[in-house]
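Some notes on the structure that comes next.
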There are 2 protein chains.
Amino acid sequence: MNKKTTIYDIAKKLDTTAATVSRALNNNPKISASTRKLVLETAAQMNYKQNKLALALQSGKSGNIGVIVPRIDSNFFASVIRGIEDELQPEGYHVIICQTHENEKREIENINTLLNAQVDGILMSASNVSKENNSIIKRVIEKNVPLIFFDRKKNIDGVSSVTINDFEGGYLATKHLIGEGCTKIAHLTGDQSLEIYENRNNGYKKALQDSGIEYNEDYIIQTKSSVEAGRQAVEKLLKLKNPPNAIFSSSDFAALGAIQELKEQGIRIPEDFCVFGFGNEPFTKFMELSISSVDQSPMEMGKMAAQVFLEQVNSTEKFKIEKKVVLNPELHIRKSSLRHAL
Amino acid sequence: MNKKTTIYDIAKKLDTTAATVSRALNNNPKISASTRKLVLETAAQMNYKQNKLALALQSGKSGNIGVIVPRIDSNFFASVIRGIEDELQPEGYHVIICQTHENEKREIENINTLLNAQVDGILMSASNVSKENNSIIKRVIEKNVPLIFFDRKKNIDGVSSVTINDFEGGYLATKHLIGEGCTKIAHLTGDQSLEIYENRNNGYKKALQDSGIEYNEDYIIQTKSSVEAGRQAVEKLLKLKNPPNAIFSSSDFAALGAIQELKEQGIRIPEDFCVFGFGNEPFTKFMELSISSVDQSPMEMGKMAAQVFLEQVNSTEKFKIEKKVVLNPELHIRKSSLRHAL
DNA sequence: CTGTTAGCGCCTTCAT
DNA sequence: ATGAAGGCGCTAACAG
């Protein structure tokens, strides 16, 4: 097993010193063109490759950035990560992914191991927002490691974030339903400790209010983001003395479940009942009865998060940059909510 | 910005030496219980965290493994990566992801930067199989970096791989179609330089042969894995003087496109025409007309690949281990191909 | 321009 | 059981 060739090896061969070789390799101006050429040639010939680890230790920058997500096998997070990787790879960064599986302990562990691995930055979608792990967040900030939240953020001073305007998404979707003539609109929401669901919920409320529709507590159902949960929510809703005639769901999966259940109950969509989802999962547009949904442009989100990181790390400013990017959601209106022609 | 505390800092504070601290921290037996306790305590108190970079440089192991995929925002690859990360994270490894976007140059670049970053292993799904980058593969092998292919492998001596039995998948799907009474079965295949498509194609052929059905060259259409490509394929097929009455598609997306086109042409599924896909993408089971598909158990594949890597890296054997794991595909039979009750 | 020296933080002989 | 020294591979500071 032939050992790696180092700059010392090539220095020895050229009867010079490692410093000179290093300079030649790094386009340092303080070196003659001739020796540079010589070094470059023999380096190539000896098949020299820089050991990034040594560079990392010496410079304190590993060239790695950590990305923490609840899970990677979801279209949304995978797309965000794609955006991040596409943007950071050309800049010479490697992307390390960590999954929390919505487990706060894992989240803390992940941050710790990333810090110990000397990552140059952390981009994360927080699994939850309990106070507890704010101490770990503090550690990140103290170590001066750029931290950027995406999608699920925590409100912390000095920490940048890239999110979509969930409020606006909820507002527009609900407004659309109202425009289609829906008068009794239910809302499937998620974990209220997460801002994103709270904001979508608030957008929904505001839309009702702006249209003079009374807010009905019974129409708000908290569900998991799953098909089954959507079905169960509809079961509950249809049992009300005054059942709704539309649903704005914070999850595409729940929206799908809702549609399945509605159909089984013989309710026609969109004639009798409209459904609007959130997330624009691929399947929403593939369905025969395609599902209207709010697009979150996840890839854009990833790219933006990466750019914010790059700005931050390349900044020469003494003070910290805090940047809050808010992307606009986009309505994809499809059959499940479309009564009138567009 | 408070600098990190090192073992020297804590050595100084305890009026001892870094070596002792190191020993205490690493459960080295050659140290007294008392000093160990003392070191551990003050380490905790000074909030010491090991710098993995230094360890990596000195040990030659970075604790990172690289995963190379065509793209991450596909359910299949995302699921494989999930499996890998779930398996490797408990072992203390970090997973670096690289996308090639099916670009061979990117693939080579990725391998090179991963090697320079001193990854402890590379798991990859090859974007293609041209001879050209076998030299880079050779470099990986020479450097003794464990290399494991998954899904899209190259046949190289001494290199392990985890794949599914694509031949069997193609065979079973086709057999099923025949069992449903389909007599003229077309096949949508992919890039023939990739073994996976070749194998699925061969399984298809064998199934026909075993059932005494003649192979018809006109029924083989090479398509990209996209909805649009599937539609176009159907257009072509229906123009034949003797059009088929079933399709086995190597791609779920092409299968979906095929179904859309067939429906538009007024052809009833599954009564007049059966369709079978490959990949078991989430949407296949969500459709109202659910699509039959071959499941590749991607998460299992990722877990297996990770395990093979661990075996390899933990092995004390002098000789290289070459392990070829082949997972069994599983048929998910749904409406698009189900005429008889199960 | 080039060589010398030193250090990034850690571990591991080799002495003691 | 502990200390001293050296090295992983590289770059930066300081001399010449």
Side-chain angles (χ1 to χ4, degrees), chain A residues 1-40 42-43 46-64 92 115-120 143-144, chain B residues 1-40 42-43 46-64 92 115-120 143-144:
Chain A
M1 167 175 15
N2 39 12
K3 284 188 42 76
K4 269 193 66 106
T5 85
T6 74
I7 53 174
Y8 283 95
D9 298 328
I10 115 165
K12 199 182 300 174
K13 183 155 194 171
L14 260 44
D15 200 31
T16 176
T17 165
T20 304
V21 175
S22 173
R23 281 190 271 259
L25 260 23
N26 290 296
N27 278 333
N28 188 313
K30 316 166 97 177
I31 196 171
S32 75
S34 58
T35 56
R36 155 167 302 135
K37 182 155 173 288
L38 191 59
V39 168
L40 257 35
T42 59
M46 295 179 75
N47 197 27
Y48 168 80
K49 305 287 174 192
Q50 187 187 49
N51 182 335
K52 294 284 183 192
L53 276 186
L55 177 57
L57 176 59
Q58 191 289 129
S59 68
K61 336 208 105 296
S62 67
N64 296 145
L115 288 179
N116 296 165
Q118 312 295 121
V119 291
D120 297 342
K143 291 197 63 170
N144 244 22
Chain B
M1 167 177 12
N2 40 11
K3 283 185 46 68
K4 269 191 65 105
T5 87
T6 75
I7 52 174
Y8 284 93
D9 298 329
I10 114 165
K12 199 181 301 171
K13 184 154 193 171
L14 258 45
D15 200 31
T16 176
T17 165
T20 304
V21 175
S22 173
R23 281 190 269 259
L25 260 21
N26 291 294
N27 277 333
N28 188 312
K30 316 166 94 175
I31 196 171
S32 75
S34 58
T35 57
R36 158 167 301 136
K37 183 156 174 287
L38 192 59
V39 168
L40 257 35
T42 59
M46 294 178 75
N47 198 26
Y48 168 79
K49 304 287 174 192
Q50 187 185 48
N51 183 334
K52 294 284 182 193
L53 277 185
L55 177 57
L57 175 60
Q58 106 62 44
S59 70
K61 334 209 108 294
S62 67
N64 296 145
L115 288 179
N116 297 165
Q118 313 295 120
V119 290
D120 297 342
K143 291 197 62 170
N144 243 22

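None of the values given here were measured: they were computed from a predicted structure. Letters go in sequence order (proteins before strands), and every chain restarts at 1.
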May I ask you to say what [X] touches in the nucleic acid, namely base, sugar-phosphate or nothing, with a heavy-atom cut-off under 4.0 Å?
{"X": "N26(B)", "answer": "sugar-phosphate"}
{"X": "I7(A)", "answer": "base"}
{"X": "L55(A)", "answer": "sugar-phosphate"}
{"X": "T17(A)", "answer": "base"}
{"X": "S59(B)", "answer": "nothing"}

Is any side-chain N or O of [X] closer than 4.0 Å to OP1 or OP2 of [N]?
{"X": "T16(B)", "N": "dG3(D)", "result": "yes"}
{"X": "Q50(B)", "N": "dC11(C)", "result": "yes"}
{"X": "S22(A)", "N": "dG9(D)", "result": "no"}
{"X": "Y48(A)", "N": "dC10(D)", "result": "yes"}

- Query: Do other residues, nucleotides or ligands put more than 12 heavy atoms under 6.0 Å from the NZ atom of K49(B)?
  - Reply: yes
- Any idea which heavy atoms bring G63(A) and D120(A) closest together, and the distance? N-OD2, 2.8 Å
- Looking only at heavy atoms, which two atoms of S62(A) and L53(B) are closest? And how far apart? CB-CD1, 4.2 Å
